[in-house]
Amino acid sequence: MSNAPIETDVVIIGAGPCGLFAVFELGLLDIRCHLIDILDRPGGQCAELYPEKPIYDIPAYPIISGQELTDKLMEQIKPFEPEFHFNQRVDEIERLEDGRFHLKTDDNQEFITKIVVIAAGGGSFTPKRPPLPGIEEFENGSVHYSVRRMSDFAGKDLLIVGGGDSALDWTLNLAPIANSLTLVHRRDKFRAATDSVNKMLALREEGKINFLLGQMKEIKGENGNLSSVTISGPDGETEVACNRLLPFFGLTMKLGPVANWGLNLHENLITVDTEKFETNEKGIFAVGDINHYPGKLKLILSGFHEAALMAQKANQYIYPDKKVIFQYTTSSSSLQKKLGVK
Amino acid sequence: MPKITFIEHTGEAHEVEGDVGMTVMEVARKADVPGIEAECGGACSCATCHVYVDEAWTSKTGSPEEMEEDMLDFAFDVKGNSRLSCQIKVTEELDGLIVRTPEKQF
């Protein structure tokens, strides 16, 4: 289903710390933003990889966790009413005749924007593909790394692999509609929510699902149609007949479609200048871990600085006739009004 | 300085020196030892620094704590001697440690 294109001044790709802080710097200049992220919540790596881990090099915070930093940034940008589009990846960027950009996500949401800010960090988080020989051949129907439509699995023989929330949630949701369901995990301990674990154990008890201790060894089938997966466990190898495989091994970062947008790259990073952090395409900026320039440091604080300078240039593009007066939030009553503190 | 030997799945060995207090992952990265990716940078959140500790050394390196065990769920071909190298701290006692890297970090 296609929604009407959203017209805006700025689209920020990536809602990690740098993308979020870019909202603040642009907001002070009266520029509103839409943010697109493949994850289901803001924070990027801070939320996905280390929400509980302490960060020690954020200025003025001797210690702050990834989640706290994300929460604080969300609070800081609230006055600028950013609009978030989660669970989506930008697949296409094209320049229109009027100089603006047309963006399309994998969820068919379209945007028309004057400025694109790429703040995609290490790239988009993508499900990890188990290194089983030939698994690619089955990805067009038999092997799924996420569930978009439950009905695709109705009446099928499912093999779900993993011990976290995704594996267990889908075990619980798909068991009632599947023809058969086998859950495979390398140990009889699950890191998923206790409630899900208990529900899964109950299904096991009632014989509604099979559970197998072990790890995937081999995948078999013909013409892209899966027929079985060999599981190696403490009691040797078992061949499990199935026609749908759902491996849940977490996420990894991949540069993804960014590589196809005609931007100059340096070892998978987008080359920018250090005055405005603009790419070789006028109006497309890149800030944070995804960019490269001489002396680049992949630090959150560097991304914040880059966002501030990017915003100044974006402001000139969006409001070419506006007189630029540099102001401080401590003393400017107009900035304080925007922040809602006056 | 404690010496650590990393053996690739091909059998190629790399003997490198580490400082006490570093992690085995950091020692590998510093010496550009192939086969250890450490995508998350040592936060115990990715399982791409998976190693197999040589059986003779498993008692000295100890066993994984719960968080590491949880993260090993994301690794492939996990065995009894599997560890995440970012969670093994180098000590004088580990001088001579041998670890093997898997065919593929994943």
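Chain A is the first sequence line, chain B the second, and so forth, proteins listed ahead of strands; every chain is numbered from 1.
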key: Over-ring placement of A/Arg129 relative to B/Phe76, 6.0 Å and 45° cut-offs   = no
ask   = Looking at CD of B/Glu39 and CG of A/Leu251, how far apart are the two atoms once the value is rounded to the nearest 0.5 Å?
value = 9.5 Å
ask   = If you count the non-hydrogen atoms of other residues, nucleotides and ligands that lie under 6.0 Å from CG in A/Asp57, is the total more than 12?
value = yes
ask   = Can you tell which of A/Met253, A/His185, A/Gln215, A/Lys217 has the highest number of heavy-atom pairs within less than 4.5 Å of chain B?
value = A/Gln215
message = I'd like to check B/Val78 versus A/Arg187 (side-chain heavy atoms, cut-off strictly below 4.5 Å). Are they in contact?
response = no
task = Report, as yes or no, whether the 6.0 Å neighbourhood of atom CD on B/Glu103 holds more than 12 heavy atoms from other residues, nucleotides or ligands.
result = no
task = Answer yes when B/Asp70 and A/Lys189 have at least one side-chain N-carboxylate O distance shorter than 4.0 Å, and no when they do not.
result = no
key: Contact summary for A/Pro131 and B/Lys104, nearest pair of heavy atoms   = CB-CD, 3.9 Å
inquiry  = Looking at A/Lys53, I'd like to know if its NZ atom is crowded, meaning that more than 12 non-hydrogen atoms belonging to other residues, nucleotides or ligands lie closer than 6.0 Å.
reply    = yes
task = Keeping the roles fixed (side chain from A/Lys128, backbone from B/Phe106), state whether a donor-acceptor pair exists under 3.5 Å.
result = yes
message = For the interface with chain A, which of B/Ala75, B/Cys46, B/Cys40, B/Ser45 has the highest count of heavy-atom pairs at distances below 4.5 Å?
response = B/Ser45
message = So for B/Met71, is it side chain, backbone, both, or neither that comes closer than 4.5 Å to the heavy atoms of chain A?
response = neither
task = Would you indicate whether A/Glu52, at its atom CD, is surrounded by more than 12 heavy atoms from other residues, nucleotides or ligands within a distance under 6.0 Å?
result = no
ask   = Around atom NZ of A/Lys296, are there more than 12 heavy atoms of other residues, nucleotides or ligands at under 6.0 Å?
value = yes
request  = Please say whether more than 12 non-hydrogen atoms of neighbouring residues, nucleotides or ligands are located less than 6.0 Å from OH in A/Tyr61.
outcome  = no
key: Electrostatic pair A/Arg186-B/Glu69, nearest N-O below 4.0 angstrom   = yes
